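Below is one structure, written out as structure tokens, with a few remarks after it.
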Amino acid sequence: MVASVVVVGTQWGDEGKGKIVDLLAEYAELIVRYQGGNNAGHTLVVGGKKFIFHLIPSGILHPGKKCLIGNGVVIDPQVLLAEIDTLKTEGIEVGPENLQVSEKAHIIMPYHQRLDLARERAKGAGKIGTTGRGIGPCYEDKIARHGVRVIDLIDPEALKAKVELNLAEKNFYLAKLLNDQTLKAEDMLPPYTAMGARLQPLVANVSVLLDQAQRQGKNILFEGAQGTQLDIDHGTYPFVTSSNPVAGGACTGAGIGPGRLNRVIGIVKAYTTRVGGGPFPTECLDAVGEHLQVQGVEFGATTGRKRRCGWLDAVVLSDAARLNGLTGVAITKLDVLTGLNTLKICTAYELNGTCLNSVPASLGTLEKCQPRFEELPGWSEDISQIRRYADLPAAARAYLERITALVGVPIQIISVGPDREQTIMLDNPFKD
């Protein structure tokens, strides 16, 4: 069966999507990134070697595959070219045969980054924890209909006109409201024109490429950045990203109709983490949180920031199952739980004696919610070398089966370590 599979994060991002995408890329001819920017990092370990990608789909490590960056992604051309150059040093050549970029994707400009950082400083204690990469301001320009797109970046005259028009507004805003330094078009046009020339051979109509691939019977894998609770519409607003990581974002962010997607795999970390501010009902500010942080090496792949850690939240997962239409789940970092005598899963929230089974829209309400925990026994055995579900400790299997029962979606993949080989595949979404 030919399949178009979407991989989504079900929590606040950092679920280990990079490894799962890398694993599934073996069975797909095309791998597509559909939203976000270089505020996300996918970390994977292949043959003991660590790779971190911020823009290029992790399928680039597989020979003979084509990776696509969709129109829903906002691209910092410096970061993209740096990733291409880094891959070259590792012996991986990047060109139109294995990477193409949507002509409609928007470009992050220096004024976007300047605005991002200046605004966050101005908010003081009320900051939302942005990475400062210019992602939000770039999406703002996209919605305001005066963004710079890839098609403009490779056209020097169009680029000049748009940059000069945008700077008239951005400089006023920077100087008068944010008390920051202004920028000059003549400083940014030469390097961005040069970067556009380097990227020009990779530019394509990604929607057309996807249509052709499907008509040719090719398997396609779509990967999003961040996670469901960081979705601009459905997450813990305003502590969210500026795009739609949910599965529906694959349609708008790559140019494909919803009827042509047939499977959605939700990536679930075996516990919960989040970076930056915002409510976190199951956060552990104790020895358990320290265990998860240390054993899970919970630092942001993009920023290096320490991630907040807590117990698994089935309320969050149930929201993700509904919002994404999950057909399967991949559990990551199960090995990190090894050594904990007792495990907890949040099965509901309690607010003034009332039970809530979905995440409330009001942050004020969410902050008042208390998690209702269910306890399960832990395990002490090393599971990192296990490759069959039946060989997992009974307590680990019970934990996984309880997750399935609570979320109502079957587990298809289990990760027991960072390397590609440290995986238990129960049901391959690209195969019947």
Side-chain angles (χ1 to χ4, degrees), residues 7-24 40-45 58 223-231 235-236 241 245-246 264-276 278 280-284 288-302 305-321 323-324 326 328-340 343-347 359 371 373 376 378 383-384 392 396 399-400 402-404 406-407 409 411-419 422-424:
V7 169
V8 297
T10 59
Q11 296 150 305
W12 279 279
D14 307 311
E15 299 95 349
K17 295 181 294 297
K19 173 182 173 174
I20 303 303
V21 169
D22 171 66
L23 185 73
L24 294 177
H42 285 175
T43 303
L44 54 148
V45 180
S58 45
E223 64 166 321
Q226 290 94 27
T228 301
Q229 285 300 323
L230 290 177
D231 187 276
T236 48
T241 193
V246 295
V264 182
I265 307 303
I267 314 303
V268 180
K269 190 178 287 186
Y271 46 100
T272 308
T273 63
R274 77 172 299 174
V275 174
F280 187 174
T282 65
E283 184 172 12
C284 295
V288 169
E290 182 71 13
H291 171 98
L292 297 173
Q293 202 281 320
V294 172
Q295 297 301 316
V297 194
E298 295 295 352
F299 295 92
T302 298
R305 291 183 293 180
K306 182 184 288 189
R307 296 180 186 133
R308 300 156 64 192
C309 300
W311 295 115
L312 191 71
D313 189 333
V315 180
V316 163
L317 298 186
S318 295
D319 265 22
L323 291 165
N324 293 290
L326 297 184
V329 161
I331 302 289
T332 62
K333 292 198 170 185
L334 184 66
D335 54 300
V336 174
L337 298 181
T338 298
L340 294 172
L343 306 177
K344 294 182 181 181
I345 298 177
C346 171
T347 58
V359 180
F373 284 118
L376 294 92
I383 64 172
S384 63
L392 287 170
Y399 183 72
L400 295 171
R402 187 59 182 140
I403 293 172
T404 299
L406 288 167
V407 181
V409 180
I411 293 173
Q412 295 184 285
I413 302 170
I414 303 164
S415 173
V416 294
D419 199 276
Q422 292 177 291
T423 308
I424 300 170

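The structure displayed is predicted, hence computed values, not measured ones.
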### Shortest non-hydrogen contact from T273 toward C309
CG2-SG, 3.9 Å

### Query
P371 versus D313: any side-chain heavy-atom pair under 4.5 Å?
no

### Task
With sequence neighbours left out, write down each residue that passes side chain to side chain contact (heavy atoms under 4.5 Å, CB included) with E290, or none if nothing qualifies.
V294

### Message
Any non-hydrogen side-chain atom of E298 less than 4.5 Å from a side-chain atom of L292?
### Response
no

### Message
If we ignore hydrogens and angles and just use 3.5 Å, is the side chain of T241 paired with the main-chain N or O of D231 as donor and acceptor?
### Response
no

### Task
Say whether, by atom type as modelled, one donor and one acceptor occur between the side chain of T228 and the main chain of Q11 under 3.5 angstrom.
no

### Task
Look up atom OH in Y399 and atom CD1 in I331, then write down how far apart they are to the nearest 0.5 Å.
8.0 Å

### Task
Write down the atom of E15, the atom of T10, and the distance for their closest heavy-atom approach.
OE2-N, 3.2 Å

### Query
Quick one: does I413's side chain get under 4.5 Å of L24's, heavy atoms only?
yes

## Note on the structure
Heavy atoms of F299 and R307 approach each other most closely as O-NH2, 3.0 Å

### Task
Check step by step if side chain to side chain contact (heavy atoms under 4.5 Å, CB included) holds for R274 and L230.
CA-CA 10 Å; R274 77 172 299 174; L230 290 177; 4.1 Å; yes

### Message
Quick one, V316 and V359 - any side-chain contact, counting heavy atoms below 4.5 Å?
### Response
yes

### Query
So, does H291 use its side chain to make a donor-acceptor pair with the main chain of V336 at under 3.5 Å?
yes

### Query
Do the side chains of Y271 and V288 get nearer than 4.5 Å, heavy atoms only?
no

### Query
Taking only residues two or more places apart in sequence or in another chain, which ones pass side chain to side chain donor-acceptor pair (under 3.5 Å) with Q412?
D427

## Note on the structure
So CG of N324 and CD1 of I265: to nearest 0.5 Å the spacing works out to 11.0 Å

### Task
Just jot down the side chain to side chain contact (heavy atoms under 4.5 Å, CB included) partners of Q422, sequence neighbours excluded, or say none.
K19, S384, Q385, R387, V416, P418, D419

### Query
Is the backbone N or O of G16 less than 3.5 Å from a side-chain atom of K333, with the two atoms forming a donor-acceptor pair by type?
no

### Query
Could you give the distance from CD1 (I424) to CD1 (I411), rounded to the nearest 0.5 Å?
10.5 Å

### Message
Just verifying a value: how many Å separate S58 OG and E223 CD, rounded to the nearest 0.5 Å?
### Response
5.0 Å

### Contacts of F280 that satisfy ring pair (Phe, Tyr, Trp, His ring centres under 6.0 Å) - sequence neighbours left out
W12

### Beyond-backbone contact of T282 with L312, side-chain heavy atoms, under 4.5 angstrom
no

### Message
Determine whether I267 and V21 satisfy the following criterion, side chain to side chain contact (heavy atoms under 4.5 Å, CB included), listing intermediate values before the conclusion.
### Response
CA-CA 10 Å; I267 314 303; V21 169; over 6 Å; no

### Query
So, does K17 use its side chain to make a donor-acceptor pair with the main chain of Q226 at under 3.5 Å?
yes

### Message
Could you check whether any side-chain heavy atom of V329 comes within less than 4.5 Å of a side-chain heavy atom of I403, counting everything from C-beta outward?
### Response
no

### Message
Going by the rule salt bridge (charged side-chain N to carboxylate O under 4.0 Å, His left out), which residues pair with E283 if we only count those two or more places apart in sequence or in a different chain?
### Response
R308

#### Entry: Rounded distance (nearest 0.5 Å) linking atom OG1 of T423 with atom CG of L23
5.0 Å

### Any residue meeting side chain to side chain contact (heavy atoms under 4.5 Å, CB included) with A314, in chain and number order, not counting sequence neighbours
I345, L406

